[in-house]
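See below for the structure under consideration.
Reminder, nothing fancy here: chain letters follow the sequence lines and each chain counts from 1.
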Protein chains: 2
Amino acid sequence: MSNSYILSPFKSSSHTHAHCLGSALSKAESTCAERGLRLTRLRRRVLELVWGSHEPVKAYDILDSLHDNSRRAAPPTVYRALDFLRQEGFVHKIESLNAYVGCGEPGHSNAGQFLICSGCSAVAELDDVDIINMIASKARQLGFVVQDHTIEVQGLCAECQEKGL
Amino acid sequence: MSNSYILSPFKSSSHTHAHCLGSALSKAESTCAERGLRLTRLRRRVLELVWGSHEPVKAYDILDSLHDNSRRAAPPTVYRALDFLRQEGFVHKIESLNAYVGCGEPGHSNAGQFLICSGCSAVAELDDVDIINMIASKARQLGFVVQDHTIEVQGLCAECQEKGL
DNA sequence: ATTGATATGTTATAATATAACATTTATTGT
DNA sequence: ACAATAAATGTTATATTATAACATATCAAT
């Protein structure tokens, strides 16, 4: 048996995104409660904005969306919230895009593997033990011990292939 | 038979780095000649500076090293050279560090897999077909076709483990 | 030599991220 | 409830990474 999960699948273009959003928020709520952490208004708001998009979201776009019709928030406001959300595994940074995505399953080990569609920018997240084990084993052959990883795979999702992209 | 290469191993702390540098430069020379491309003084200089370090190098550090004792070069000078070197596979960008490393084997397919030591910042590069195939196969199960990848593994090299880091 | 293509120089600015310190809000112990 | 403490957020400034746009220089082939 291999523990290989699809943490976030590619969404069909017609899916009801409010569902993922609600589910992600309530998972974050309960996880924070368990861990004795505070999902403050700001952190919650940022998490909503990250989940609210089908695509990886830029920090400064979040910043722009945060205005309480008063003055625009300053960068540290967003980066601190993102740091918290990343630390708790609610959000991941896509290094190759400098952008952030929601994590479908906060419970899982921190680093997922991301499939990024160059057609529609959709992202799927895997947590695949086969991949992780193979990489760890190859690394170990060189005497290297793995602590963490950044795995981002660029390509085309099924929908975009059909569209001829 | 599996085509799994170590493009750049971890260097023993005592190795003669001038050798890799010289070898990298002559490979770049000949590859450019074959491809009808110009390894200009600037591009060559940047390639030397990237190879000259055991660690991934920052673009602005290259910039600082470029001064012809006259005025400091401007960013596009370096970024354009890096773009060329990356395109031809002589240099890779480490996305998780925003830094650049020399590629041991320009002939290989563009994207390697990088082991990055958090102790000494050394980087090894693999071009491992087993890893690539496994990822491609996992992706295909979701209907995703792989075009490229960013694989960066953080951990500890053998030397740093011995030092108790 | 002239022309067209390629590469580099130069100036300005965009995009991404953090440092440092002030203020506010929540939590805890009394 | 209140003070003391801790945690989070606000605010200002600045660091870091990267690109756009246009001018000039160099190279390559006729």
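Nearest-nucleotide positions on DNA chain D place B/Ala59 closer to the 5' end than the other of B/Ala59 and B/Arg38. Nearest-nucleotide assignment on DNA chain C puts the 5′-proximal partner with B/Leu37, out of B/Pro76 and B/Leu37.
The nearest whole Å value for the distance from the OH atom in A/Tyr79 to the C1' atom in C/dT18 is 9 Å. The interatomic distance linking A/Arg80 (CZ) with C/dT25 (C1') rounds to 14 Å, in whole Å. Rounded to an integer number of Å, the gap from CZ of B/Arg44 to P of C/dT8 is 14 Å. To the nearest angstrom, P of C/dA15 lies 16 Å from CD1 of A/Ile62. Protein atom CG of A/Leu82 is 9 Å distant from nucleotide atom P of C/dA17, rounded to whole Å. Rounded to whole Å, atom P of C/dT24 lies 17 Å from atom CG of A/Leu42.
Between B/Arg43 and C/dT8 there is a side-chain polar atom (N or O) within less than 4.0 angstrom of OP1 or OP2. In terms of phosphate contacts, B/Thr77 brings a side-chain nitrogen or oxygen within less than 4.0 Å of OP1 or OP2 of C/dG9. Residue A/Lys58 has a polar side-chain atom (N or O) positioned under 4.0 Å from OP1 or OP2 of C/dT16.
Chain A approaches DNA chain D within less than 4.0 angstrom (heavy atoms of the protein), and the contacting nucleotides run 5' to 3' from D/dA7 to D/dT12.
Each salt bridge (charged side-chain N to carboxylate O under 4.0 Å, His left out) pair with one or both residues in residues 145-155 of chain A, not counting sequence neighbours, would appear here, but there are none. For the salt bridge (charged side-chain N to carboxylate O under 4.0 Å, His left out) condition, the pairs that include at least one residue of residues 46-60 of chain B, sequence neighbours left out, are B/Arg44-B/Glu48. Among pairs with a residue in residues 75-87 of chain B, none fulfils side chain to side chain donor-acceptor pair (under 3.5 Å), at least two apart in sequence or across chains.
With side-chain heavy atoms closer than 4.5 Å counting as contact, directly or through intermediates, the hydrophobic cluster containing A/Phe114 also holds A/Ile94, A/Leu97, A/Val101, A/Ile116, A/Val123. Applying the under-4.5 Å side-chain rule to Ile, Leu, Val, Met, Phe, Trp and Tyr, the cluster around B/Leu165 extends to B/Leu156.
Non-hydrogen atoms lying under 4.0 Å from DNA chain C are contributed by nothing in residues 93-100 of chain B.
For A/Tyr100, there are no ring-ring contact (aromatic ring centres under 6.0 Å, His included) partners, not counting sequence neighbours. Annotation: salt bridge (charged side-chain N to carboxylate O under 4.0 Å, His left out) contacts of B/Asp64 (sequence neighbours excluded): B/Arg72. By the side-chain hydrogen bond (donor to acceptor under 3.5 Å, both in side chains) test, B/Lys27 pairs with B/Glu105, sequence neighbours left out. Take A/Ser118 and apply the side-chain hydrogen bond (donor to acceptor under 3.5 Å, both in side chains) test, not counting sequence neighbours, and it matches B/Gln147.
Taken over five-pair windows at either terminus, the axes of the helix from C/dA1-D/dT30 to C/dT30-D/dA1 are inclined to one another by 30° (rounded to 10 degrees).
Distances were taken from every side-chain heavy atom of A/Tyr60 (C-beta onward) to each of C/dC21, C/dT16, C/dA7; the shortest belongs to C/dT16.
Between A/Val129 and A/Asn3, the shortest heavy-atom distance links the atoms CG2-O, 2.9 Å.
Between the NE2 atom of B/His92 and the CD atom of B/Glu125 there is a distance of 4.0 Å, given to the nearest 0.5 Å. Rounded to the nearest 0.5 Å, atoms CD1 (B/Ile151) and OG1 (A/Thr150) are 10.5 Å apart.
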